[in-house]
Amino acid sequence: MNGLHTLTIHEAYDLLRKREISSRELTQAVLERIEAVEPRVRAYITLTPDLAMQQAEEADSLLQAGDGADVLTGIPIALKDNLCTRGVLTTCASKILQNFVPPFDAHVVEQLRQRYAVFTGKTNMDEFAMGSSTENSAFFVTRNPWNLDCVPGGSSGGSAAAVAADMCIAALGSDTGGSIRQPAALCGVVGMKPTYGRVSRYGLVAYASSLDQIGPITKDVTDCAILLNAICGKDRRDSTSVDVPVPDFTAALVSDVKGLRIGVPKEFFAQGVAPEVAEAVYQAVRLLENLGATAEETSLPYIEYGLACYYILAPAEASSNLARYDGVKYGWRTQELAGHIGMVEKTRGEGFGAEVKQRIMIGTYALSAGYYDAYYLKAQQVRTLIRRDFDRAFEQYDVLITPTSPTVAFRIGEKADDPLAMKLADVCTIPVNIAGLPALAMPCGFHNGLPIGLQIIGKPWDEETVLRVAYTFEQATDWHRHRPVL
Ligand code: GLN
């Protein structure tokens with residue numbers, strides 16, 4: 001059989017279950033695809049072909065035995081390089097962790113291993129997940145499979161590019177201010193950030209702990225629900241993971257939005273949103289209206305302060321989280337002899353990239369005595385106002401629909417020297433993290449051959465309605481079937 005690398009999880013599962021293909025054949029096809037296109041896309045920091053083939057063999061024995069196999073058994077999955085993998089390099093795309101081999105698995109990695117998924121490797125990202133283009137990777141830039149001169153988005157750009165280029169069947173990413181949804185949008189695939197507390201972050205290298213969530217990046221909405229099923233749930237090793245029932249998310253894949261109330265917040269169409277993006281999103285809303293939903297414009301006035309609020313809170317938390325990289329226990333240590341304090345200073349000076357250093361300085365400043373009230377505390381208060389804006393909106397609407405990224409993918413280098421322009425790439429996604437809500441990005445059109453992404457935002461813990469709207473839209477369109485030519 002040809003083209004196995006192009007399959008979705010559910011298509012592959014169907015063939016695996018009927019024994020029309022083996023996981024070995026599927027994994028081999030994905031590895032061959034990687035060999036063919038990875039030199040141009042560069043989605044992976046570390047490839048694990050030997051591990052993948054060994055896991056595929058184990059999966060095949062299980063599939064042959066017939067019992068104990070899961071929908072993810074034998075499915076090649078890529079992992080963002082900030083998810084700890086036992087025995088496999090986990091760099092966070094940073095020099096300071098360039099030799100770090102974790103002795104343990106992240107919770108989500110454990111969950112996939114228990115289901116006998118296959119790991120293709122660790123994907124490129126912005127260093128410590130700080131960025132929107134993968135240009136902040138300490139190692140190399142990942143390219144957008146739709147146009148190799150453009151960025152794939154970030155920070156989970158490697159995961160999104162790998163899915164779009166069929167260099168894995170699905171992937172995991174992390175999202176602090178948009179890092180799953182924005183690259184998914186720019187690469188024309190599906191990405192979801194679950195409700196804050198849905199997924200344990202045990203073993204996710206922390207960036208901003210009150211915002212970070214792990215989530216799926218997939219080729220369609222069905223795969224998104226499947227992967228979500230595997231990673232959600234309470235884990236005592238992450239005290240922020242919440243003990244709420246985890247539904248079977250695939251049960252929400254119903255093509256029906258009759259009577260559903262959609263809010264379209266006008267603030268998400270301001271602040272640099274390109275007309276072609278706005279138009280594609282409005283068209284998507286009209287389509288859902290034709291399918292029986294009602295939609296109206298609404299306003300969330302405090303969204304305007306989302307970016308400013310985030311760029312105090314996220315660096316503040318990062319400055320604390322990144323204090324652990326001191327060259328003592330693990331990671332990079334300077335080669336120069338400089339005494340203890342000097343060793344820590346030099347280690348951090350050599351190990352962190354410019355963007356990370358800038359964030360540590362901003363965060364330290366915002367938290368320091370005398371400035372704490374003016375910046376950090378104020379940002380926390382603004383956070384409450386933004387959350388209340390969403391609460392009010394969800395009294396009237398079941399979901400909110402907005403663009404995911406204000407523009408299609410931009411050219412490599414285009415925004416590298418303009419930090420404000422780069423940060424505006426997350427203007428539509430950041431408020432969702434601030435409020436801890438679930439949201440999904442999916443393709444809804446093209447401009448100049450590059451994908452446009454829709455964002456569907458849901459009430460806390462209501463991933464199901466988000467998935468239902470996404471599934472309905474997907475059934476009525478064929479944007480998800482377009483693939484880049486490589
Ligand atoms: N681009 C945003 C940042 O740089 C969000 C990144 C993310 O979600 N990890 O912080």
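All ligand and atom numbering here is 1-based and tracks the order in the structure. Heavy atoms only: backbone and side chains are in, while hydrogens, waters and symmetry mates are out.
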If we number the atoms of ligand 1 from 1 as shown, the ones under 4.0 Å from a heavy atom of Y207 are 3 (C), 9 (N), 10 (O)
Inset, instruction - Decide whether the shortest distance between a heavy atom of A314 and an atom of ligand 1 is less than 4.0 Å. - result: no
* Asked: Would you say S174 has any N or O atom under 3.5 Å from an N or O of ligand 1, going by distance alone?
  -> no
* To do: Report yes if some N/O of G178 lies less than 3.5 Å from some N/O of ligand 1; otherwise report no.
  => yes
If we number the atoms of ligand 1 from 1 as shown, the ones under 4.0 Å from a heavy atom of M130 are 4 (O)
Is the closest basic N to carboxylate O distance between K423 and D426 below 4.0 Å?
-> no
In ligand 1, the atoms that come under 4.0 Å of a heavy atom of S132 are 1 (N)
The residue among L288, L454, D398 that forms side-chain contact (heavy atoms from CB on, under 4.5 Å) with V469 is L288
Atom 5 (C) of ligand 1 has as its nearest protein heavy atom Y310 OH, 3.3 Å
Between K122 and D81 (salt bridge meaning N to carboxylate O under 4.0 Å), is one present in this structure?
yes
Just checking, is any N or O donor in the side chain of K80 or S174 under 3.5 Å from an acceptor N or O on the other one? yes
Q: Considering only NZ, NE, NH1 and NH2 on the basic side and carboxylate oxygens on the acidic side, decide whether K346 and E350 come within less than 4.0 Å.
A: no
- [ ] Decide if atom NZ of K378 counts as having more than 12 heavy atoms of other residues, nucleotides or ligands within a radius under 6.0 Å.
- [x] no
Q: Give a yes or no on whether a salt bridge exists between D175 and R181, defined as a side-chain N under 4.0 angstrom from a carboxylate O.
A: yes
Atom 2 (C) of ligand 1: closest protein heavy atom, distance to 0.1 Å, is D426 OD2, 3.3 Å
Honestly, for R359 the part within reach of ligand 1 (heavy atoms, under 4.0 Å) is side chain
So the atoms of ligand 1 within less than 4.0 Å of a heavy atom of A129 turn out to be 6 (C), 7 (C), 9 (N)
CZ (F269) with more than 12 external heavy atoms under 6.0 Å
yes
Review point. Is a salt bridge present between D105 and R113, judged by a nitrogen-to-oxygen distance below 4.0 Å?
Key: yes
Under 4.0 Å between heavy atoms, the region of Y311 that gets near ligand 1 turns out to be side chain
K80 to ligand 1: N or O pair under 3.5 Å? no
Within 4.0 Å of some non-hydrogen atom of S155, the atoms of ligand 1 are 9 (N)
min-distance protein heavy atom vs atom 9 (N) of ligand 1 -> S179 OG, 2.6 Å
